[in-house]
Protein chains: 4
Amino acid sequence: MKRNKPKYMQIIDAAVIVIAENGYHQAQVSKIAKTAGVADGTIYLYFKNKEDILVSLFEEKMGSFVERLETEITEIPNAADKLYRLVKLHFENLASDYHLAIVTQLELRQSNKELRYRINDVLKGYLGVIDHIVKTGMTSGEFRTDLDVRLARQMIFGTIDETITSWVMNEQKYNLTHLIEPVHQLLINGCGYSHSKQ
Amino acid sequence: MKRNKPKYMQIIDAAVIVIAENGYHQAQVSKIAKTAGVADGTIYLYFKNKEDILVSLFEEKMGSFVERLETEITEIPNAADKLYRLVKLHFENLASDYHLAIVTQLELRQSNKELRYRINDVLKGYLGVIDHIVKTGMTSGEFRTDLDVRLARQMIFGTIDETITSWVMNEQKYNLTHLIEPVHQLLINGCGYSHSKQ
Amino acid sequence: MKRNKPKYMQIIDAAVIVIAENGYHQAQVSKIAKTAGVADGTIYLYFKNKEDILVSLFEEKMGSFVERLETEITEIPNAADKLYRLVKLHFENLASDYHLAIVTQLELRQSNKELRYRINDVLKGYLGVIDHIVKTGMTSGEFRTDLDVRLARQMIFGTIDETITSWVMNEQKYNLTHLIEPVHQLLINGCGYSHSKQ
Amino acid sequence: MKRNKPKYMQIIDAAVIVIAENGYHQAQVSKIAKTAGVADGTIYLYFKNKEDILVSLFEEKMGSFVERLETEITEIPNAADKLYRLVKLHFENLASDYHLAIVTQLELRQSNKELRYRINDVLKGYLGVIDHIVKTGMTSGEFRTDLDVRLARQMIFGTIDETITSWVMNEQKYNLTHLIEPVHQLLINGCGYSHSKQ
DNA sequence: GATGAATGAGCTTTCATTCAT
DNA sequence: GATGAATGAAAGCTCATTCAT
């Protein structure tokens, strides 16, 4: 398991810092190697190429997050609380890692189309959790039964993502975790029974 | 007015096609010039540099869209219908232009941080329209009065954006315009009075 | 005679200013045209190509100077006074034309080898005047008779040229015309009878 | 010490040859690399950019020459002999290196203003040696005591430089070292007591 | 004669990747 | 396994020159 070798995570962590601080296009392999304290060539003993660093970075960081998410969500019975936990974990996760937030919300999106498809593969685990929550809510009667699961997922993910990106682009001037509650409320409303203009 | 010069739009249109089909980093200036039917140097009579093509492209396409949006929205009295028109116009706009959808949802996001700030300036007109709708709805009683306008805007924009991106990444296998109605419903629910688990 | 057409000198004068103020490599044809108040294409009605502007510039400015020099020198009987007049005219000529001094001493030397050979052709008239003075001096007994005319000429020209270049590179902080007298003395000594360590 | 790395001098030497044979503006980096037997990119491991090759070239070649000059001059007691040694070393140095003579006398002067200021810095060491000789001569009574040191230096340097340039532009058809003696005589006369028209 | 929009050849520099040690 | 010097392909941009009007 390559992730057990110390230099593997060393390089991943260096990549997060270098990309966050220099931007995607200024994150040369040599700069990552220097920050990681290894020689340029050593990178290629652990990663196929530069793109592989990026995908691995996302897999490691997002992967461990999704694992934890799944564990915690399972233990919660109703959909609304599951969703609350998801928003909370997601916001807290990025609020606590300055560099990672910049990388996932801004820099990694500058990658080419192919890389973004591969990143999307990693995201599927996360989106699956959302789908699971939506279906739970529809079954339990918490959510409308005529919801389109895919659309509900896109609303949930889109809202969360847009909120975090906006926070990052505002240079994190306000406290992201304060938005957990109101964002959750918005999403719950979106999935629940419509009563506007009652 | 440079947009009246025929070659200006000729180059913009060529850029949309070339970027959509090759990706931003494979869209060499020479390729755009060839597609536009002009010499490489001619590009630089109309654009400061390659990045300027991208910004101008976005300003032209998004700018005229927002103008039309503002005109149409003004004539509609209530917030829910205004929002419906916004979703409809946005979805139809991109559903009818295959190449443009790819460029705005995927390729334009590969630009560097500075460029993204400039793109954000253009987006501000669009986000202003959303804000206006939300405020109208809160005043008229259609929407909850405790809405955070910024969050509501992020939900609306995030949901729409994520839905379109998802459609583009699925290679437009389904009809985007069929999602106007359900997406609108989701958004109205999100902004309206909460009655889940009534 | 093309130099009688007004635009011809207009372009030459513009070239002197543009080259002096922007440097040789930043003196684009379009910039010269703009300063001269003509269209880019018009340049090519009067000059074969860009290099031709430079050669013509030098011919015009140096040519008229040498003409005047020859006239004045002829009227002076002895070599020392001829030489004095040469130094005086040369120094005064450049001291009174800020732009021309920069162009001839610094910028024009950045031209390529071929151009410099052509410039040298123009210089030959000037060097011929120096030769004439040296020979006069040797005949009249003012100068040593064992002088190598070519070397004497190189000393005279080299000293004058180096003095002016040094003055230009010091941004003309001191008065060049004050050096007429001492430079003349140095040159006269160089050509006269040796009595060092008398 | 980068000049100890073999490729550093390899590239410098290749640059001298390529620039001498093609001219500065036709001396593409790729041509220099090819002549040096290295890849294009290797150039940039040793030099900041193309201009830096030129400056380094001059620093290496002129620097070591000035060092040698200073050592030899110090050991000579009187000014006239010091000056003789200076002329001799300078002439012999360039007479023995065909390519270097072309580069220093013609091609190096095509550089832009900024570069020329840097070259001038290197030259300062050389000019300092001349100043030292002039002052020695004035103190010892060999030279006139009313000499302006700066002007004397300009005469000496200007004469030497012009003589070499003239020899280079005549395609080195005659033997430069034969001019050591007469040029020295001219310079000594210039600095010595005036007796023209005795 | 005069214009100026259009042309397109040409070159420096970067940086991911390799491989001899 | 680790190194880092060397590689070389690749592309944005400039600007002298042309030519249809």
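Quantities reported herein were computed from a predicted structural model and do not represent experimental measurements. By convention in this document, chain letters (A, B, ...) are assigned in the order of the sequence lines, proteins followed by strands, and residues within each chain are numbered from 1.
Although no hydrogens or angles enter the test, the distance criterion places a donor-acceptor pair under 3.5 Å between the side chain of B/N49 and the main chain of B/D52. At distances below 3.5 Å, at least one donor-acceptor pair connects side-chain atoms of D/Q10 with backbone N or O atoms of D/A36.
Distance CD1 (B/I19) to C1' (F/dG12): 14 Å, rounded to an integer number of Å. The NZ atom of C/K34 sits 15 Å away from the C1' atom of E/dT3 (whole-angstrom rounding). Taking atom CD1 of C/I53 as the reference point, atom P of F/dC15 lies 14 Å away to the nearest angstrom. One atom, CD of D/Q10, and another, C1' of F/dA6, lie 12 Å apart when rounded to the nearest Å. In this entry the distance linking OH of D/Y46 with P of F/dT7 reads 9 Å, nearest Å. Atom pair A/K7:NZ and F/dA2:C1' shows a separation of 6 Å (rounding to whole Å applied). The nearest whole Å value for the distance from the CD1 atom in A/I32 to the P atom in F/dG4 is 17 Å.
C/Y24 carries C/K50 over the face of its six-membered ring, with the cationic atom under 6.0 Å from the centre and within 45° of the normal. Geometrically, D/K7 does not engage D/Y44 in a cation-pi contact, judged by NZ or CZ lying under 6.0 Å from the ring centre and within 45° of the ring axis.
Screening B/I11, B/T104, B/I53, B/V103 for a side-chain contact (heavy atoms from CB on, under 4.5 Å) with B/V16, the sole residue that qualifies is B/V103.
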Legend entry - Under 4.0 Å protein heavy-atom contacts per nucleotide of nucleotides 16-21 of chain E, with B for base, S for backbone only and - for none: SBB---
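Of the two residues near DNA chain F, A/T42 and D/I43, the one whose nearest nucleotide lies more 5' is A/T42. Nearest-nucleotide positions on DNA chain F place D/G37 closer to the 5' end than the other of B/Q26 and D/G37.
For E/dT21, the paired base is F/dA2 (Watson-Crick or G-U wobble, both distances below 3.5 Å).
The aromatic rings of A/F47 and A/Y8 sit parallel, their planes meeting at an angle under 30°, below the 60° perpendicular limit.
Remark: D/K31 is not in phosphate contact with E/dC11, judged by side-chain N or O atoms under 4.0 Å from OP1 or OP2.
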Inset, instruction - Report the C-alpha distance between C/M169 and C/Q105 in whole Å, list the side-chain angles of each, state the deciding distance to 0.1 Å, and finish with yes or no for side-chain contact (heavy atoms from CB on, under 4.5 Å). - result: CA-CA 9 Å; C/M169 291 197 79; C/Q105 301 307 120; over 6 Å; no
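With F/dG4, E/dA6, F/dA2 as the candidates, the nucleotide lying closest to the side chain of B/L45 is E/dA6.
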